[in-house]
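A quick write-up on the structure given underneath.
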Amino acid sequence: MESNEWQLEQKRLDEVRDKLRKRIAKLEPEVAGLGDQAADIRKRFWEEVTINTSTDEDFEETFHTINQQSALLAERERGHRLLLQQCRNMKRLLPSPYFGRIDFHEDGLGFTEQIYIGVSSFIEEDGLSFLIYDWRTPIASLYYDHSPGRAAYTTPGGVIEGTMELKRQFQIQNGQIRNLFDASETIGDELLQQVLGKGADSQMKTIVATIQKEQNAIIRNEKSRMLIVQGAAGSGKTSAALQRVAYLLYKHRQTIKADQIVLFSPNPMFSSYISTVLPELGEENMQQATFQEYLDYWLGASLKSEDPFDQMEYVLTAQSKEGYEARVQGIRYKASEDFLKALIHYGRWLGQEGMKFHGIQLRERELLTGEQIRSQFYSYDRSLPLRNRVILLQEWLLKELSALERQEREASWVEDELNYLDKEQYAEIFGMLHKDREVLDLAEQYATVYEKLSKKRREDEGDFDFAQKEEELLRIKVAKEYFMPLRKTVKKLGFIDFKGIYGQLFVEEPAYLMRTNGSAVPPLWDEICRQSREALEQNLLLYEDATPYLFVKELIEGLRTNTEIRHVFVDEGQDYSPFQYEYLKKLFPRARMTVLGDFGQAIFMQSTILDAEDSPLISLFGEADTELIRLVRSYRSTKEIVEFTRAMLPGGDEIMPFERHGSKPHLAKVHRQEERERQIRADIALLQAEGFDSIAVITKTAAESREAYEALRSYGAKGLRHVTKETPVFEKGVMVIPVYLAKGVEFDAVLVYDASPQAYAQENERKLLYTACTRAMHRLYLYTTGDWSPFVEILPAGLYEDVSR
């Protein structure tokens with residue numbers, strides 16, 4: 001870049017920053033003033049309102065006064081929020097106002113426009129000229145999608161065509177241009193090299209300055225109801241998804257709010273890892289949850305669900321235990337579309353027979369038996385949906401309880417209860433009279449009679465038995481107190497035996513096939529049934545049973561749907577079952593879905609293929625409404641690490657490394673465990689000396705991570721953190737972590753604790769090892785105390801450096 005051109009760009013940058021500072025200085029007093037006004041109105045709200053409801057006219061005047069004050073407060077608060085957001089955006093721009101420039105000559109116009117692109121727009125005070133364009137504006141797509149030459153972009157009014165005469169990229173720090181590139185590609189390798197060469201951070205950063213063309217297609221896609229992103233490890237899937245959220249919030253800011261978008265994360269730690277991306281772009285965070293959190297919320301306290309990590313631990317560590325193969329078959333079957341279809345048929349069978357109910361008990365006495373309730377349920381028209389009949393049954397039960405309650409008032413146990421009431425309980429009962437219409441009516445009658453009698457002579461008082469009326473009031477209240485929990489149970493559908501209904505699926509094969517119209521069951525079906533029933537008896541749901549259990553529950557009580565959610569994002573999407581995807585679609589019927597994943601990292605038994613022609617995801621919304629985007633270039637790791645890791649996977653040569661070089665992976669074979677611990681401790685010290693401060697010792701399982709943590713500590717490793725499924729926040733440092741919790745996260749250096757055949761030999765363990773190795777950005781070390789895993793043994797010697805002693 002010629003020195004004169006650099007100086008012109010720096011001069012322009014200085015002018016823009018000066019205008020930003022002046023605008024900020026002008027806005028800050030306005031922001032503070034509006035904030036004070038809103039606070040003052042809120043503080044004095046009721047002082048400005050006179051409450052008068054004596055007449056209809058007074059009531060109407062009061063109503064309008066309150067409305068006017070509310071509207072004034074809302075207007076001030078809205079103005080304050082808008083100005084505050086503008087001020088924050090400008091402050092965010094000030095250190096580095098923009099990262100790109102394109103010169104675009106639109107066809108038919110006699111001039112070329114210089115377009116500078118940053119994380120937010122900044123307009124001249126006249127409101128006509130853009131000094132900076134937000135990266136999400138239609139014209140900014142030119143920067144990501146085109147090289148100099150003929151180019152076009154789409155606006156709401158149609159396609160704009162023209163010629164891009166220049167594309168320039170900036171690195172700006174604290175108002176100074178550090179680097180300047182004129183690029184022929186979408187994003188020049190020079191800028192990417194510098195960005196990717198930095199160390200890992202404790203939180204994911206925005207990538208708007210380095211978005212690639214294929215990532216931009218993900219971000220701006222609006223035509224597909226189902227967008228599937230199958231991307232290699234480190235290809236920027238999650239980053240692109242978060243920029244997509246920011247784009248949607250910008251493009252549809254009048255109709256979509258952040259709380260109408262939900263992201264399902266793989267674990268709570270990952271949620272903290274990505275939590276700053278949207279705020280950096282001036283947007284609120286969308287809702288985030290793990291699928292397990294959703295399950296736990298709706299299952300409530302009655303049943304506890306195993307989580308996916310405990311299931312993973314079982315699959316990886318229990319191969320020698322009795323019943324292991326049956327459990328594996330059960331996991332796969334219960335995650336399948338076949339099981340989903342079986343449950344739909346099961347719901348139809350329940351419409352004719354098979355519903356189970358709890359009896360309703362009072363003081364260890366059954367008022368209504370389960371058989372009575374069942375008989376009433378099946379007395380309704382059997383063509384009605386289950387949910388409608390449940391509502392009718394609920395109404396019938398409430399009426400029955402009211403009748404039974406009136407009968408129970410005269411029961412001897414009520415009188416016994418009255419004898420044990422103390423003064424405080426009397427006071428409490430009468431203090432609650434205003435909440436109870438029936439008791440209140442009787443109390444009012446009692447008071448009226450007492451008032452009349454007080455005017456008579458004392459000898460006439462015998463005409464009214466006050467003691468009898470008092471007892472009547474207390475009997476009503478005592479009975480109501482005892483029946484109140486029963487009513488609550490009925491209103492919450494607690495009389496339905498959901499556990500028993502789900503449990504009766506697990507019966508002999510002929511009965512199961514009859515109830516579900518099923519075509520086949522796994523070979524070890526009897527043992528699968530035993531395991532499922534045994535867990536249910538302990539009020540536990542195996543993880544593979546949790547979603548089907550809720551599905552059956554909602555067949556009966558009605559499906560919970562959230563029509564407010566407009567977009568659902570699923571990260572690590574290969575780890576969800578077809579069953580879970582069908583369930584998500586039903587939960588959010590109005591939402592579009594974006595699924596991000598890598599089948600090369602499908603480490604759970606219930607994994608779903610994302611990019612095959614027969615993928616269940618394609619049938620979810622139909623082929624016409626589904627788009628698949630493949631990301632094959634890996635940006636996270638150095639070329640040497642990508643070449644090493646892709647060789648582990650069949651078909652891995654499709655993965656393209658980015659041209660960022662580093663040292664080859666180190667393979668260290670030692671003879672004893674003690675030597676391994678000493679070697680790892682020494683390697684950690686060397687990595688820290690090089691400046692790497694995000695280092696992960698990755699193990700296969702949680703059990704192994706505990707052992708490794710204790711062993712490394714005993715051999716003098718300092719500053720270790722043991723990461724478990726309960727760890728809420730991702731932080732820098734040296735951590736010991738099981739591979740399935742490291743998914744989606746990146747580290748400067750990764751040390752694979754045990755790469756022996758004892759750890760990774762089965763085919764289902766290949767992807768575990770691949771996932772562990774692909775977490776590394778700059779350095780990758782593998783260790784073994786014996787032979788190498790067959791997935792390492794097959795790798796060409798030129799892909800690694802053998803540092804064995």
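Only this structure's heavy atoms are used, side chains among them; waters, hydrogens and symmetry mates stay out. Predicted model, so just to flag it, every value in this text is computed and none were measured.
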* Taking salt bridge (charged side-chain N to carboxylate O under 4.0 Å, His left out) as the test, write out the residues that go with Arg178, two or more places apart. => none
* To do: Taking salt bridge (charged side-chain N to carboxylate O under 4.0 Å, His left out) as the test, write out the residues that go with Lys639, two or more places apart.
  => Glu659
* To do: Please list, chain by chain and in numerical order, all residues satisfying ring-ring contact (aromatic ring centres under 6.0 Å, His included) with Phe588, sequence neighbours excluded.
  => none
* Can a cation-pi geometry be assigned to Lys725 and Tyr740, taking NZ or CZ under 6.0 Å from the six-membered ring centre and within 45° of the ring axis? -> no
* side chain to side chain donor-acceptor pair (under 3.5 Å), paired with Asp575, selected from Lys743, Gln601, Gln580 -> Lys743
* Under the 3.5 angstrom rule, does the side chain of Thr701 hit a backbone N or O of Glu704 as a donor-acceptor pair? -> yes
* Structure fact -> Hits for salt bridge (charged side-chain N to carboxylate O under 4.0 Å, His left out) against Asp571, two or more places apart or cross-chain, chain-then-number order -> none
* To do: Only counting residues at least two apart or in another chain, list the ones meeting side-chain contact (heavy atoms from CB on, under 4.5 Å) with Ala682.
  => none
* To do: Return the minimal non-hydrogen interatomic distance between Ala749 and Leu687, and the atom names on each side.
  => CB-CD1, 3.7 Å
* Structure fact -> Output for pair (Ile609 CD1, Gln574 CD), nearest 0.5 Å, gives 11.5 Å
* Does Lys585 NZ have over 12 foreign heavy atoms under 6.0 Å away? -> yes
* **Six-ring centre of Phe658, Arg633 cation under 6.0 angstrom, axis tolerance 45°** => no
* Check: Tyr753/Arg676 side-chain N/O donor and acceptor closer than 3.5 Å -> yes
* Asked: So, the side chain of Ser789 versus the backbone of Pro757: is there a donor-acceptor pair under 3.5 Å, distance only?
  -> no
* To do: Would you check if there is a donor-acceptor pair between the side chains of Tyr144 and Glu214 at a distance under 3.5 Å?
  => no
* To do: Report the residue from Arg592, Arg244, Met286 that forms a side-chain contact (heavy atoms from CB on, under 4.5 Å) with Phe569.
  => Arg244
* Kindly say whether Gly236 contributes a backbone atom to a donor-acceptor pair with the side chain of Ser239 at under 3.5 angstrom? => no
* Structure fact -> For Glu283, the salt bridge (charged side-chain N to carboxylate O under 4.0 Å, His left out) test, sequence neighbours excluded, returns Arg136
* If we ignore angles and hydrogens, is there a donor and acceptor under 3.5 Å between the side chains of Asp683 and Gln679? -> yes
* Asked: Tyr760 ring centre to Arg766 NZ or CZ under 6.0 Å, with the angle to the axis within 45°?
  -> no
* Does one side chain, of Ser756 or Gln758, offer a donor that lies under 3.5 Å from an acceptor on the other? -> yes
* **Polar contact flag, side-chain donor to acceptor under 3.5 angstrom, Gln212-Asn216** => no
* Anything under 30° is parallel, anything over 60° is perpendicular, the rest tilted; go ahead and classify Phe291 against Tyr583. => perpendicular
* Under 6.0 Å between ring centres, would you say that holds for Tyr333 and Phe339? -> yes
* Nearest non-hydrogen partners of Ile680 and Leu712, listed with the distance -> CG2-CD2, 3.7 Å
* Is it the case that Glu313 and Gln311 place a side-chain donor and acceptor less than 3.5 Å from each other? -> no
Enumerate donor-acceptor pairs with a distance under 3.5 Å from any side-chain N or O in residues 647-657 to protein atoms, sequence neighbours excluded.
none

* N/O donor-acceptor pair under 3.5 Å between Gln169 side chain and Gly100 backbone -> no
* Structure fact -> Here the pair of heavy atoms bringing Ala326 nearest to Leu524 is N-CD1, 3.6 Å
* Does Tyr543 use its side chain to pair, donor to acceptor, with the backbone of Phe309 at less than 3.5 Å? -> no
* Residues that Gln319 engages under side-chain contact (heavy atoms from CB on, under 4.5 Å), provided they are two or more places apart -> Tyr324, Glu765
* Asked: Given His778 and Phe692, is the ring pair (Phe, Tyr, Trp, His ring centres under 6.0 Å) satisfied, shown in steps?
  -> CA-CA 9 Å; His778 308 294; Phe692 297 125; 5.6 Å; yes
* To do: Decide, yes or no, whether a salt bridge links Asp598 with Lys237 under the criterion of side-chain N to carboxylate O below 4.0 Å.
  => no
* Asked: Which residues satisfy the side-chain contact (heavy atoms from CB on, under 4.5 Å) test with Glu674, sequence neighbours excluded?
  -> Arg672, Arg678, Tyr715
* Structure fact -> Contacts of Glu322 meeting side-chain contact (heavy atoms from CB on, under 4.5 Å) (sequence neighbours excluded), chain-then-number -> none
* Ionic contact status for Glu306 with Arg327, cut-off 4.0 Å -> yes
* Pairing of Lys664 and Glu801 as salt bridge, 4.0 angstrom limit -> no
* Structure fact -> Those residues at least two apart in sequence (or on a different chain) that pass side chain to side chain donor-acceptor pair (under 3.5 Å) with Ser804 are Asp802
* After noting the C-alpha distance and the side-chain angles of Ser705 and His722, does the key distance pass the side-chain hydrogen bond (donor to acceptor under 3.5 Å, both in side chains) rule? -> CA-CA 8 Å; Ser705 74; His722 182 210; 2.9 Å; yes
* Could you walk me through whether Asp693 and Lys732 pass the salt bridge (charged side-chain N to carboxylate O under 4.0 Å, His left out) check? -> CA-CA 6 Å; Asp693 55 6; Lys732 285 186 177 182; 3.7 Å; yes
* **Atom of Ala668, atom of Val803 and distance for their closest heavy-atom approach** => CB-CG2, 3.8 Å
* Structure fact -> Contacts satisfying salt bridge (charged side-chain N to carboxylate O under 4.0 Å, His left out) that involve residues 768-786 (not counting sequence neighbours) are Glu690-Arg779
* Asked: Would you find a donor on one side and an acceptor on the other, under 3.5 Å apart, between the side chain of Ser619 and the backbone of Pro616?
  -> yes
